[in-house]
Amino acid sequence: DTGVSQDPRHKITKRGQNVTFRCDPISEHNRLYWYRQTLGQGPEFLTYFQNEAQLEKSRLLSDRFSAERPKGSFSTLEIQRTEQGDSAMYLCASSPGRGHTEAFFGQGTRLTVV
Amino acid sequence: AQKVTQAQTEISVVEKEDVTLDCVYETRDTTYYLFWYKQPPSGELVFLIRRNSFDEQNEISGRYSWNFQKSTSSFNFTITASQVVDSAVYFCALSVPSGNTPLVFGKGTRLSVIA
């Protein structure tokens, strides 16, 4: 078991471009979370999935953000028309079971919008 | 709504000193979980411990210990005989299983252990 895997690790993009990140959770983990972390802050919740169903979305997740988990395995997070304020570390985590127990995090994707 | 406060932004200690990281939480739910995570310079959040609201027993794991006090809504983390490898940002987090609320994190405490 290799843990939660995120790709890419780093992404630099020009303002206005679209970007997509991928997360592969730990095998058989039902829940998958996306968080965003800016410098000096704790992770902020964006959205989560129970299998393929997206159950909750934060107000932080504007219309430019969309997440999918089509087969209940890996997930993608897309940001359209990126803005400089989107620059952050995007963290993915997964957890087993049905409740919000401990989540295991990947190493994150650091996005820089220039 | 749930909230986690870590009042200490940064702490510096000399190696072998003991250090306590404070965490205060807020929730109206009677069933909840509390967590501590470590984020080393590599960036990956590492799970350290989970406690549920019905278990106020303190826990010790090697040099790490946790003090959970419902009366003061605190879940403090102590590192005994700190080492340079303990240098990291430590996050306290809270979750409420009854609803759709996932982990809510504090802003973290940056610990620097100086040799």
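Both backbone and side-chain heavy atoms feed into the values below; hydrogens, waters and symmetry mates do not. So you know, we letter chains A, B, ... as the sequences are listed, proteins then strands, and number each from 1.
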- Message: Test of understanding: with salt bridge (charged side-chain N to carboxylate O under 4.0 Å, His left out), list the residues that count as partners of A:E78, not counting sequence neighbours.
- Response: none
- Task: Answer yes or no: are there more than 12 heavy-atom neighbours, outside A:D63 itself, under 6.0 Å from its atom CG?
- Result: no
- Query: Is it the case that more than 12 heavy atoms not belonging to B:R51 sit under 6.0 Å from its CZ atom?
  - Reply: yes
- Message: Using a 4.5 angstrom heavy-atom cutoff, name the option from A:Q107, A:M89, A:E44 with the most pairs to chain B.
- Response: A:Q107
- Query: Are B:F75 and B:V19 linked, directly or through other ILVMFWY residues, by side chains that come within less than 4.5 angstrom of each other?
  - Reply: yes
- Query: Out of curiosity, B:L103 CG to A:Y35 OH, how far, rounded to the nearest 0.5 Å?
  - Reply: 4.0 Å
- Message: For the NZ atom on A:K57, are there more than 12 heavy atoms of other groups (residues, nucleotides or ligands in this structure) within a distance under 6.0 Å?
- Response: no
- Message: Would you say A:Y90 ends up clustered with A:Y48 if hydrophobic residues are merged whenever their side chains have heavy atoms under 4.5 Å apart, either directly or through other cluster members?
- Response: no
- Listed partners of A:F65 passing ring-ring contact (aromatic ring centres under 6.0 Å, His included), at least two apart: none
- Examine A:V19 and A:F74 and state if one hydrophobic cluster contains both, with Ile, Leu, Val, Met, Phe, Trp and Tyr joined whenever side-chain heavy atoms are less than 4.5 Å apart. no
- Task: Spell out the residues in residues 106-115 of chain B that have some non-hydrogen atom less than 4.5 Å away from a non-hydrogen atom of chain A, in order of number; otherwise answer 'none'.
- Result: B:G106, B:K107
- Message: Is there a continuous path of hydrophobic side-chain contacts, each under 4.5 Å between heavy atoms, that joins B:V96 to B:V24?
- Response: no
- Determine, using the 4.5 Å side-chain heavy-atom cutoff (strictly less than), whether A:L46 and A:Y33 are members of one ILVMFWY cluster. no
- Message: Can you list the residues of residues 9-17 of chain A that sit under 4.5 Å from chain B, counting heavy atoms only?
- Response: A:R9
- Task: Identify which of A:A103, A:G40, A:G106 forms the greatest number of heavy-atom pairs closer than 4.5 Å to chain B.
- Result: A:A103
- Which pair of heavy atoms, one from A:G42 and one from B:F91, lies closest together, and at what distance? CA-CE2, 3.3 Å
- Query: Should we count NZ of B:K16 as having more than 12 external heavy atoms under 6.0 Å?
  - Reply: no
- What residue, out of B:V4, B:T9, B:L45, has the most heavy-atom pairs lying under 4.5 Å from chain A? B:L45
- Message: What part of B:Q39 gets within 4.5 angstrom of chain A, counting heavy atoms only: side chain, backbone, both, or neither?
- Response: side chain
- Item | Side-chain (B:Y37) to main-chain (A:F105) donor-acceptor, under 3.5 angstrom | no
